[in-house]
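What follows is one structure encoded as structure tokens, with my remarks underneath.
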Amino acid sequence: MAEERPPAIWFAEQRPRKPRLSRERIARAAVAVLDADGASGLSMRRLAARLDVSAMSLYEYVGSKEDVLDLAVDEAFAGVELDGIDGVPWREALTQQLVRARDVMKQHPWLPALMSTRPLLGPNSLALSERFYAVLTAVGLEGHRLTAVIGALTYYVQGWAATENFWRAVHRDPAREAQLRRWTQQHLESRREDYPTLAQHADVVGTDDFDASFELGLATILDGVEAQLPDAGTD
């Protein structure tokens with residue numbers, strides 16, 4: 001009976017190999033291909049060409065393209081640095097980590113979608129999760145509320161980055177984007193009778209400051225998290 005293949009590369013033992021290739025080299029090359037061509041452009045043949053090896057030689061290190069995607073996702077998360085987060089108040093620690101995570105998702109537009117489809121069990125992903133859980137458990141969150149808060153924060157950043165990436169991929173010309181926003185404001189104003197609340201807030205509906213909007217939304221979520229803490233004044 002054939003040996004059952006592990007459901008993710010992180011469960012498979014890494015056997016000694018010749019030094020020409022490694023999981024690390026494959027991961028870095030996969031990230032480069034994904035950055036250039038997206039998830040649909042990644043193939044074992046294209047990856048092998050970038051590494052200047054045969055496609056068959058890759059299978060000595062990974063079992064499938066899915067394994068390669070697992071490695072690439074974890075390699076991308078290596079860009080979320082945790083330096084400077086230790087010893088700061090919990091809100092500041094989470095904000096720094098999530099802002100850096102958004103930056104990495106913007107650098108690698110394929111990341112938000114791919115991270116939704118696989119277990120994040122690589123060493124870089126686990127290090128980020130450990131830090132996140134540690135910060136929140138230190139201020140008293142536990143059990144289902146802890147996982148709910150982690151989910152809310154993670155999905156906020158992930159969804160924001162994905163939406164921002166899609167928008168930026170379509171609207172590349174700042175002048176035309178500004179024109180679109182002006183037209184949107186004028187459109188709402190001309191229909192004030194039907195949409196009075198939207199018309200009243202048309203100037204902020206049309207904002208193009210993604211950074212400020214992201215950080216304000218994040219602060220609002222953290223306000224809600226703080227209200228759930230056993231001691232609302234805990235840092």
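Heavy-atom basis, side chains included; hydrogens, waters and symmetry copies ignored. Owing to the predicted nature of the structure, the values given are computational and were not obtained by experimental measurement.
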Check residues 49-58 and write down every donor-acceptor pair under 3.5 Å in which the side-chain atom is one partner and the other belongs to a residue at least two apart or another chain.
residue : atom : partner : partner atom : Å
S54     : OG   : S57     : N            : 3.2
S57     : OG   : S54     : O            : 2.6

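- To the nearest 0.5 Å, the span separating CD on E142 from OG1 on T147 amounts to 11.5 Å.
- Using modelled atom types, one side-chain atom of S190 and one backbone atom of H187 make a donor-acceptor pair closer than 3.5 Å.
- Contact annotation: the side chain of W10 approaches that of P123 to within less than 4.5 Å [non-hydrogen atoms, C-beta and beyond].
- Shown here are the side chain to side chain donor-acceptor pair (under 3.5 Å) partners of R131, two or more places apart in sequence or in another chain: D86.
- In summary, E66 and R118 engage in a salt bridge, as defined by a charged side-chain N under 4.0 Å from a carboxylate O.
- Placement of I150 and L82 within a single hydrophobic cluster is found when ILVMFWY residues are connected by side-chain heavy-atom separations under 4.5 Å, directly or transitively.
- Aromatic ring orientation, F210 versus W167: tilted (interplanar angle from 30° to 60°).
- One finds the NZ atom of K106 at 10.5 Å from the CH2 atom of W160 (value rounded to the nearest 0.5 Å).
- Residues Q228 and V149 form no side-chain contact, since every pair of their non-hydrogen atoms from C-beta on lies 4.5 Å or further apart.
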Please test L136 against L94 for side chain to side chain contact (heavy atoms under 4.5 Å, CB included), starting from the C-alpha separation and ending with a verdict. CA-CA 9 Å; L136 287 169; L94 294 183; 3.7 Å; yes
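- T95 OG1 to R100 CZ: the interatomic distance, rounded to the nearest 0.5 Å, is 11.0 Å.
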Start with the C-alpha distance between V62 and M44, add both sets of side-chain angles, then the distance that settles side chain to side chain contact (heavy atoms under 4.5 Å, CB included), and finish with yes or no. CA-CA 10 Å; V62 295; M44 300 299 274; 3.8 Å; yes
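- For the pair L42/D37, no side-chain contact is recorded, criterion being any heavy-atom separation below 4.5 Å from C-beta on.
- Both F11 and L71 are part of a single hydrophobic cluster, where members link through side-chain heavy atoms under 4.5 Å apart.
- The two atoms that bring L180 and H171 nearest to each other are CD2-CE1, 3.5 Å, heavy atoms only.
- Taking 4.5 Å as the limit, every side-chain heavy atom of D74 sits out of range of all side-chain heavy atoms of L120.
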Distance-only donor-acceptor hits, side chain of residues 26-34, under 3.5 Å, sequence neighbours excluded:
none

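- Applying the salt bridge (charged side-chain N to carboxylate O under 4.0 Å, His left out) criterion to E177, with sequence neighbours excluded, gives R168, R181.
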Start with the C-alpha gap between V139 and V225, add the side-chain angles, then the distance that decides, and say whether side chain to side chain contact (heavy atoms under 4.5 Å, CB included) holds. CA-CA 11 Å; V139 293; V225 173; over 6 Å; no
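- Separating the CZ atom in R182 from the CD atom in Q179 is a distance of 6.0 Å, to the nearest 0.5 Å.
- Considering only residues two or more places apart in sequence or on other chains, D223 meets the salt bridge (charged side-chain N to carboxylate O under 4.0 Å, His left out) condition with R91.
- Proximity of L222 to L153: side-chain heavy atoms (C-beta onward) are separated by under 4.5 Å at one or more points.
- In the hydrophobic clustering of this structure, L128 groups with L121; members are Ile, Leu, Val, Met, Phe, Trp, Tyr whose side-chain heavy atoms approach within less than 4.5 Å, directly or through other members.
- Atom CZ of R45 has 12 or fewer heavy atoms from other residues, nucleotides or ligands within 6.0 Å.
- Heavy-atom minimum distance, D203 versus Q200: OD1-O, 4.0 Å.
- Y155 and F166 fall into different hydrophobic clusters, where Ile, Leu, Val, Met, Phe, Trp and Tyr are joined by side-chain heavy atoms under 4.5 Å apart, directly or via other members.
- A 4.5 Å side-chain heavy-atom check between D67 and Y61 finds every atom pair outside the cut-off.
- Shortest non-hydrogen contact noted between P112 and P109 is CD-O, 3.4 Å.
- Residues V104 and A76 come closest through the heavy atom pair CG1-O, 3.4 Å.
- Distance NE2/H201 to CD/Q185: 13.0 Å, rounded to 0.5 Å.
- Contacts classified as ring-ring contact (aromatic ring centres under 6.0 Å, His included) and involving residues 110-148 (residues at least two apart or in different chains) are given here: H108-W110.
- Here the CZ-OG1 distance, from R192 to T197, works out to 9.5 Å after rounding to the nearest 0.5 Å.
- In the displayed structure, E81 atom CD is contacted under 6.0 Å by at most 12 heavy atoms of other residues, nucleotides or ligands.
- Under the 4.5 Å side-chain criterion, counting only non-hydrogen atoms from C-beta, Y156 is not in contact with T220.
- You'll find the side chain of L218 stays beyond 4.5 Å of the side chain of R102, heavy atoms only.
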